[in-house]
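Computed from a predicted model, the values in this text were never measured in an experiment.
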Amino acid sequence: MADRLIGEKLVDDMTVEEKARAALVEQVLPALRAKADQADRDGAFPREHIDLLRDAGLMGLIVPEEYGGLGGTLRDLAAATYAMGSACPSTALAFFFHNTSASRGLLPLEAIESELFADDEVPVVKAFAEKVLRLMSGGTWLANFASESVKSSSANIAIATTASYKERDGVKGWEITGEKSFGCATGIADYYLVTARLDGYDTADGLVMFLVPRDAEGVTERPFWDGLGMRGSANHGIRLDRVFIPQEDSLTVPGAFVKMLQCSRGSFVGNQLAITAVYVGAAQGVYDDTLGRLTRKTFADTGRSIAESPMHQVIIGDMTENLERAYLWLRRQLLLETCEPPIATKSEVYAQWRIAKGSICQAAFDVAIGALKASGTSSATMNGTVGRALRDLSMGLVMTFPPERGRLEAASVITSNKANELFANVAS
């Protein structure tokens, strides 16, 4: 269909409302695409994209209408990051992390609705949640910082950043110290949404959140790193040295993290599958570019398209299979996390995601490998669509966790559930 939106390649059963929101995304794609090579070459986020996305009204894409947003869901976000990924993966990645901030507003409200908070906790939790959502819908860019350089063998993310209660000049608040090693829009976002641990806690009950202004005293950027992946996403991270944040810009109710997590179908990171949609969009982009070039280019002696040669036919077939595999995994995960009523338990959704994430990213990377093989030495450069896609998609293999770890954790969940089920049957 000529009028088919790019986002519909992924979410192929959009409602009328979803199409309207996807059309807003479609409008910004030409500008994103025009800056993609420069963003990669410079290793810098194109600052003009800030106003571009803000003016398009997309900063509140998945914020409910009652809080001034567009009222989109995870389906909208996946379609958006996919479409943006096909144009400028770096911008798509940064946009994804902005939208993960919405979970810090939506999940607390769901937890309140489920009566998980005590009556005296509700006003504090609600105020923070609504503030996050209204900031987003108002055009404020939020950078969601959770991941750190400190890791443990038992967790993917260990929170070493600490928060201690302080009063400064009569203002009640918190002093934050730590280092966030990864978080897109460093130096770009208006606020950093920082996850920290209350001093004295060593469990998830002590995990808390803060809205940290980009230019707050004590906030500095970590050195730029010359890494693989989506180089124009400004993901070098921040350091916080005794940064003071007033109480009204924090959610420090002990146990809030755990209660919010109970209301999520997947990860607390928020809408996490939409990050893999970025990689699938980038894979579709390099697939289309490669197929187009090979079809237009002809052999000098026969005049036939290079794409028709037996070798290229095999490679194109492999690329097509890998791309379809990525779509199948991503669409299945999207169904599990959005359908009503739910068709799987939270544990099943979690286990499926651990496998799906790695499988999607591996398949997307394999598309780029095929593009390199099919295009030959002329495209084996650091710039250009193939070289950029190869580097962009390689990061998916290690981002958060590699495919092997995901399968291991999924197997652990599955076998534990089975053991519990057998025990319950025997006990009864």
Side-chain angles (χ1 to χ4, degrees), residues 94 97-98 100-101 103-105 107-108 121 124-125 127-129 131-132 135 140-225 227 233-261 267-270 400:
F97 274 102
H98 161 76
T100 63
S101 303
S103 67
R104 275 52 169 176
L107 292 182
E121 295 173 336
V124 176
V125 175
F128 182 83
K131 186 167 191 173
V132 169
L135 281 172
T140 298
W141 191 307
L142 301 183
N144 195 351
F145 281 87
S147 184
E148 305 189 353
S149 56
V150 177
K151 303 291 181 182
S152 74
S153 61
S154 60
N156 292 315
I157 299 176
I159 305 299
T161 300
T162 58
S164 303
Y165 179 79
K166 296 288 180 182
E167 285 193 27
R168 286 190 185 179
D169 301 324
V171 178
K172 297 178 180 180
W174 300 85
E175 203 170 75
I176 313 170
T177 297
E179 183 171 327
K180 297 297 184 180
S181 61
F182 182 88
C184 291
T186 299
I188 301 296
D190 301 295
Y191 283 88
Y192 302 134
L193 185 51
V194 172
T195 302
R197 175 175 51 82
L198 286 176
D199 194 23
Y201 281 78
D202 57 4
T203 67
D205 283 340
L207 293 180
V208 290
M209 291 168 290
F210 301 92
L211 285 165
V212 179
R214 182 184 65 220
D215 57 356
E217 184 180 355
V219 176
T220 56
E221 297 181 23
R222 296 174 76 242
F224 285 86
W225 66 303
S233 57
N235 61 8
H236 47 292
I238 58 173
R239 293 192 177 103
L240 304 108
D241 182 17
R242 300 176 63 191
V243 178
F244 181 77
I245 300 299
Q247 183 65 54
E248 60 266 25
D249 288 334
S250 62
L251 178 55
T252 55
V253 174
F257 178 95
V258 177
K259 293 172 182 177
M260 293 161 61
L261 189 58
S267 165
F268 185 70
V269 171
T400 308

(request) Apply side-chain contact (heavy atoms from CB on, under 4.5 Å) to Arg104 and Thr195, showing your working. (result) CA-CA 10 Å; Arg104 275 52 169 176; Thr195 302; 3.9 Å; yes
Between [X] (side chain only) and [Y] (backbone N and O only), is there a donor and an acceptor less than 3.5 Å apart?
| X | Y | result |
| --- | --- | --- |
| Tyr192 | Ala185 | no |
| Lys166 | Ile176 | no |
| Thr177 | Arg242 | yes |
| Arg222 | Gly237 | no |
| Arg239 | Thr220 | no |
| His98 | Leu142 | yes |
| Ser250 | Phe210 | no |

(message) Using a strict threshold of under 4.0 Å (side-chain N to carboxylate O), is an ion pair present between Arg168 and Glu175?
(response)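 So Glu175 pairs with Arg168 through a salt bridge.
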(message) For Lys259, is there an ion pair with Glu121 - N to carboxylate O distance below 4.0 angstrom?
(response)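 Salt bridge between Glu121 and Lys259, a charged N being under 4.0 Å from a carboxylate O: yes.
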(message) Contact between Phe257 and Met209 at the side-chain level, heavy atoms closer than 4.5 Å - yes or no?
(response)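 The answer is no; the side chains never approach within 4.5 Å.
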Say you draw a straight line from [atom1] of [X] to [atom2] of [Y]; how long is it, rounded to the nearest 0.5 Å?
| X | Y | atom1 | atom2 | value |
| --- | --- | --- | --- | --- |
| Phe145 | Asn235 | CZ | CG | 9.0 Å |
| Leu211 | Ser101 | CG | OG | 8.5 Å |
| Thr203 | Tyr201 | OG1 | OH | 7.5 Å |
| Leu251 | Met260 | CG | CE | 6.0 Å |
| Leu198 | Asp205 | CG | CG | 10.0 Å |
| His236 | Trp225 | NE2 | CH2 | 11.5 Å |

(request) State, without any angle test, whether Trp174 and Asp249 hold a side-chain donor-acceptor pair at a distance under 3.5 Å. (result)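 Result is no, nothing qualifies.
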(request) Take Asp241 and Glu179 through the side-chain contact (heavy atoms from CB on, under 4.5 Å) test and state the conclusion after the steps. (result) CA-CA 9 Å; Asp241 182 17; Glu179 183 171 327; over 6 Å; no
(message) I'd like to know whether Val132 forms a side-chain contact (heavy atoms from CB on, under 4.5 Å) with Phe128, so could you lay out the CA-CA distance, the side-chain angles of the two residues, the decisive distance to 0.1 Å, and finally the verdict.
(response) CA-CA 6 Å; Val132 169; Phe128 182 83; 3.8 Å; yes
Indicate the atoms forming the closest heavy-atom contact of [X] with [Y], along with that distance.
| X | Y | result |
| --- | --- | --- |
| Ala234 | Ile188 | CB-CG1, 4.1 Å |
| Lys172 | Tyr165 | CG-OH, 3.2 Å |
| Pro108 | Ala129 | CB-CB, 3.8 Å |

(message) So if I apply the side chain to side chain contact (heavy atoms under 4.5 Å, CB included) rule between Pro213 and each of Val243, Ile245, Val219, which one comes out positive?
(response)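 In the set Val243, Ile245, Val219, the residue that makes a side chain to side chain contact (heavy atoms under 4.5 Å, CB included) with Pro213 is Ile245.
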